[in-house]
Amino acid sequence: MFAKLPFVILLLICGSISAQIQFQDHVIIDDTFLPNGPFSVHSADIDGDGDMDLLSASRDDDKIAWYKNDGLGNFQTQQAISTNANLAISVYAADIDGDGDMDVLSASYEDKKIAWYENTNGQGAFGPEKIISTNANGARMVYTADIDGDGDVDVLSASSNDNKIAWYKNLDGLGNFSSEQIITSNANGALSVHTADIDGDGDQDVLSASYLDDKIAWYENTDGMGAFGGQQIINTDFLAPISIYAADFDLDGDMDIVCVSADDVDFIGVFNKTIWFENTDGQGVFASHEIDDSLDNIPLHQVSASDIDGDGDMDVLSTGIDQIRWYENIDGLGSFGPQRMINSNIQTAVWAHATDIDDDGDKDVVFASLYDDLVAWHENLDGLGSFGQFNNIVVQAVFPLSVYPADLDGDGDLDAISASSIDNKIAWYENLDGLGTFGIQNIIVVNLNGAGFVRAADVDGDGDMDVLSTSRDDYNIAWHENLDGQGSFGPPQIVSSGMAIGLSLGAIDIDRDGDLDIVSSTGGDSQIVWHENLDGQGNFGPQQLITLNADHPSSIYAVDVDGDGDNDVLAAALEGDMITWYENTDGLGTFGPQQIISTETDYATSVYASDLDGDGDMDVLSASSADDKVAWYENLDGLGNFGPQIIISASANFNRSVFSEDVDGDGDMDVLSLSSNPNLVTWFENIDGQGTFGPQQIVTSNVIYPTSVFAADMDGDGDIDVLSTSNGDDKIAWYENLGPLSVAENNLDEFIIYPNPTSGILTVKSPTEIVKLEIYNQLGQLVSKESHQNTINISKTRVGLYFLKIYDINGDCYVKKIVKK
């Protein structure tokens with residue numbers, strides 16, 4: 001990537017015109033990517049890359065969706081195919097239009113619909129719904145087979161309210177279907193349909209299970225072209241059959257049947273027996289054999305067959321109210337062993353089947369569980385049917401509280417890191433193209449109880465970005481080593497444990513020894529402490545007290561408040577309603593007493609520092625939720641003596657976060673904030689560069705209970721974008737800054753920057769006198785500056801992408817991308 005950047009030079013003018021910035025929402029992850037009430041799951045190679053992707057039909061959100069597999073069982077965020085399948089209950093995949101890729105079919109109960117969706121590019125881009133029928137009253141299942149022997153894929157359905165098994169002829173092999181052709185209307189409460197050559201004549205016959213008349217039946221394809229004979233009942237002795245499947249269980253060359261059956265059935269089915277029926281003559285005369293009747297009180301839901309243990313015969317897989325289990329075909333003749341549990345701790349597993357998810361040559365098990373909204377898979381650990389814990393393919397971040405941008409994989413662009421409290425997770429999302437297209441969730445750790453705060457820094461001094469985190473429920477502060485510089489992380493390394501609730505932390509050099517220490521705040525004991533990085537490699541010493549009297553510090557920020565060259569600490573106090581700071585008196589981490597900046601906040605939730613008035617020192621910002629304020633305090637003398645509270649806004653309802661960055665690219669620092677009533681991410685323009693702020697401007701209103709805000713250049717275009725988390729919709733998102741940042745039409749040769757990339761001195765050739773050069777990283781942080789110079793030294797900065805701001809004697813400001821190699 002770096003080799004190409006010098007040829008894409010971006011030139012921006014920092015103007016002084018009041019900016020009305022437009023933002024475009026880009027969701028990284030949120031709760032719309034979850035299946036709500038998944039009822040069916042199916043596997044198929046949707047994107048044509050040779051591995052098994054997954055499909056789901058979810059009942060309670062009317063959604064048909066697919067999930068891309070990387071070939072190892074790591075799935076990307078859900079991609080919706082349709083949200084118009086009313087009470088979606090069945091999903092299947094087949095090449096409907098004969099173009100060589102996998103299309104998708106659905107059955108939806110409430111709208112009586114059987115439909116299909118064209119895979120338009122063979123990679124999982126789907127066209128609009130194509131309706132096959134809206135006459136399947138109480139549609140329960142969709143299936144495919146070549147019913148008429150013409151070489152294309154026809155479609156079958158089972159519908160319970162009209163007691164119907166029907167098929168639909170693919171008229172031209174392109175997905176244009178005939179009206180329904182009824183096989184039977186005498187399957188009372190039809191729930192399941194399957195096809196197999198039952199009578200050995202070379203065509204596809206049809207099987208059904210119907211729970212209201214207790215029938216397991218088959219229908220002969222009399223001419224091989226879809227003319228079906230009458231219902232041939234296999235069994236009516238087992239009450240309420242609901243799922244049927246065909247396979248050769250005794251290896252005699254004909255198709256047998258397996259079924260699950262129950263004494264009582266509700267909408268999703270209640271079962272207590274698993275039976276297989278031997279095709280005794282190969283022509284459809286059956287004898288029954290019970291596989292398992294020992295679990296009379298355990299409701300079962302669905303059954304299928306596959307070679308689970310890799311011994312060449314067909315085993316049986318079934319789902320139940322809280323179980324997934326399989327039965328080994330011990331001798332290949334249909335003698336089944338006792339149930340072998342795969343999962344006994346889920347709610348209402350309604351569908352499962354076996355397929356090779358991780359491309360290791362054996363059969364794993366995928367399943368859908370209705371009431372816990374799970375689409376997941378179990379790895380077949382040894383190929384013999386020993387299964388691991390389930391892997392949830394549904395990627396989410398439950399109750400996210402913090403987001404942070406950092407280049408975790410060393411490719412020069414900004415990735416995103418999140419902390420989510422309910423699922424105890426620290427995760428990151430790769431910026432795949434440097435333009436803000438984010439990939440799958442990469443989990444750093446999933447057992448931080450109440451993960452609350454996340455940051456990134458080079459903790460061990462090896463040149464890549466590690467991750468730091470707090471967890472509120474186990475009181476830990478930890479860091480996670482980036483093992484390879486590409487985002488592979490080691491286990492948590494605990495910096496501090498057993499403290500009160502960890503609320504905020506930062507990595508910064510407190511003792512001026514050149515490495516990054518950790519400063520953190522806690523809740524219940526009102527402490528602010530720091531931990532020395534003893535060797536610069538992430539081995540931390542015991543906590544060193546900054547204060548015991550911070551009155552429940554909700555937020556801290558370390559910065560040089562008094563201009564003496566070392567890092568002091570700012571704090572926002574929830575209970576004390578204060579904004580305070582603590583002087584690093586000797587530059588070695590000895591802190592002075594609490595100095596109060598303001599007591600005019602009510603339930604202070606966030607503190608930050610920025611030069612808001614352009615006088616070269618650090619002013620302070622605060623957010624407070626009980627009085628809905630965003631405010632700032634002028635550092636009057638650059639020594640930490642602050643003026644009175646200056647209110648930027650008093651309508652940031654239940655505000656929990658404040659941040660500062662040059663949003664409009666005019667060279668001064670603007671302010672970002674949140675509101676929860678209404679739900680908004682907002683910014684306020686620094687109109688004159690001296691701390692006079694304009695009215696609230698909305699970044700987005702597409703959030704529910706926003707919890708944090710941050711700003712950085714996520715798409716590498718030279719302007720500042722915005723990131724946020726919100727816990728009401730479990731959303732992590734970024735918002736693209738669309739301008740108006742004036743793009744200069746001047747000849748690019750007016751400013752010549754060389755060498756670019758560079759490892760040291762950067763020279764600027766300018767047509768006008770330069771008064772200042774500044775280097776900013778992608779987080780918008782100033783890393784180097786020079787006054788009245790045409791050169792600037794970046795030898796001490798990390799490798800990566802930076803932005804050079806050039807201020808000339810005319811008062812204009814220009815920005816160009818540069819690369820430190």
Side-chain angles (χ1 to χ4, degrees), residues 39-42 89-90 140-141 143 158 160 165 187-196 206-218 233-247 249 255-279 286-306 308 314-329 334-344 346-354 365-370:
F39 210 94
S40 175
V41 65
H42 188 71
I89 208 162
S90 179
R140 290 298 193 110
M141 188 172 177
Y143 195 72
S160 60
I165 305 295
N188 195 3
L191 296 182
S192 183
V193 64
H194 201 74
T195 64
V206 171
L207 302 113
S208 69
S210 45
Y211 73 94
L212 292 179
D213 56 11
D214 305 324
K215 284 181 189 172
I216 302 165
W218 74 283
I233 296 173
I234 297 170
N235 197 288
T236 58
D237 293 336
F238 298 96
L239 300 181
I242 195 169
S243 180
I244 194 168
Y245 200 89
F249 291 111
M255 298 304 287
D256 310 303
I257 295 167
V258 65
C259 186
V260 284
S261 176
D263 291 330
D264 186 21
V265 179
D266 61 15
F267 181 71
I268 59 171
V270 179
F271 295 83
N272 60 13
K273 287 185 180 178
T274 305
I275 316 105
W276 79 279
F277 298 89
E278 179 186 357
N279 192 341
F286 290 92
S288 65
H289 305 275
E290 290 188 3
I291 294 175
D292 189 356
D293 63 356
S294 63
L295 302 173
D296 289 357
N297 295 321
I298 302 299
L300 306 181
H301 296 145
Q302 180 256 348
V303 70
S304 63
S306 187
I308 300 290
M314 297 301 282
D315 308 302
V316 169
L317 177 70
S318 68
T319 65
I321 191 72
D322 58 2
Q323 297 181 355
I324 303 168
R325 55 183 180 259
W326 74 282
Y327 305 88
E328 182 184 358
N329 191 340
S335 299
F336 286 90
Q339 58 128 336
R340 297 177 64 175
M341 196 64 63
I342 297 174
N343 192 324
S344 61
I346 51 176
Q347 297 183 48
T348 322
V350 287
W351 198 272
H353 72 274
V365 170
V366 301
F367 69 92
S369 184
L370 178 66

**Student:** What is the distance from atom CD of E290 to atom NZ of K273, rounded to the nearest 0.5 Å?
**Tutor:** 4.5 Å

**Student:** Excluding sequence neighbours, so at least two apart, what forms salt bridge (charged side-chain N to carboxylate O under 4.0 Å, His left out) with E278?
**Tutor:** none

**Student:** Measuring from atom CH2 of W351 to atom CE of M141, what distance do you get when rounded to the nearest 0.5 angstrom?
**Tutor:** 4.0 Å

**Student:** Just verifying a value: how many Å separate S288 OG and I234 CD1, rounded to the nearest 0.5 Å?
**Tutor:** 11.0 Å

**Student:** Can you see which heavy atom on T236 is nearest to which on I233, and at what distance?
**Tutor:** CG2-CG2, 3.5 Å

**Student:** Search all heavy atoms of A247 against all heavy atoms of A305 and return the closest pair with its distance.
**Tutor:** CB-CB, 3.9 Å

**Student:** Are the side chains of R325 and S318 in touch, meaning some heavy atoms are under 4.5 Å apart?
**Tutor:** yes

**Student:** Set out, in order, the CA-CA distance, both residues' side-chain angles and the distance that settles side-chain contact (heavy atoms from CB on, under 4.5 Å) for I342 and W326, then state yes or no.
**Tutor:** CA-CA 7 Å; I342 297 174; W326 74 282; 3.8 Å; yes

**Student:** State, to 0.1 Å, how close V365 and A352 come at their nearest heavy-atom pair, and which atoms those are.
**Tutor:** CG1-CB, 4.3 Å

**Student:** Quick one: OG1 on T319 to CG on L370, what's the gap to the nearest 0.5 Å?
**Tutor:** 11.0 Å

**Student:** Test of understanding: with side-chain contact (heavy atoms from CB on, under 4.5 Å), list the residues that count as partners of A187, not counting sequence neighbours.
**Tutor:** I165, T184, A190, S208, S210, Y219, Q231

**Student:** Over all heavy atoms of both residues, which pair between F286 and M255 is shortest? Give the atoms and the distance, please.
**Tutor:** CE2-O, 4.0 Å

**Student:** Looking at NE2 of H289 and CZ of F277, how far apart are the two atoms once the value is rounded to the nearest 0.5 Å?
**Tutor:** 9.5 Å

**Student:** By the definition side-chain contact (heavy atoms from CB on, under 4.5 Å), identify the one residue from I324, V260, T348 that meets it with H301.
**Tutor:** T348

**Student:** Would you please name every residue forming a ring pair (Phe, Tyr, Trp, His ring centres under 6.0 Å) with F249, sequence neighbours left out?
**Tutor:** W276, F336

**Student:** Can you tell me if N188 uses its side chain to pair, donor with acceptor, with the backbone of D213 under 3.5 Å?
**Tutor:** no

**Student:** Determine yes or no for a side-chain-to-main-chain donor-acceptor pair under 3.5 angstrom, with S243 supplying the side chain and V303 the backbone.
**Tutor:** yes

**Student:** Check whether any side-chain heavy atom of I89 lies under 4.5 Å from a side-chain heavy atom of R140, and answer yes or no.
**Tutor:** yes

**Student:** Does the N329 side chain pair with the main chain of G334, one donor and one acceptor, at a distance under 3.5 Å?
**Tutor:** yes

**Student:** State, yes or no, whether a side-chain contact exists between N279 and I257 at a heavy-atom distance under 4.5 Å.
**Tutor:** no

**Student:** Hey, could you give me the CH2/CD1 distance between W218 and I244, rounded to the nearest 0.5 Å?
**Tutor:** 12.0 Å

**Student:** Are I216 and I275 close enough, and set up right, to give a side-chain contact (heavy atoms from CB on, under 4.5 Å), and what steps lead you there?
**Tutor:** CA-CA 11 Å; I216 302 165; I275 316 105; 5.7 Å; no

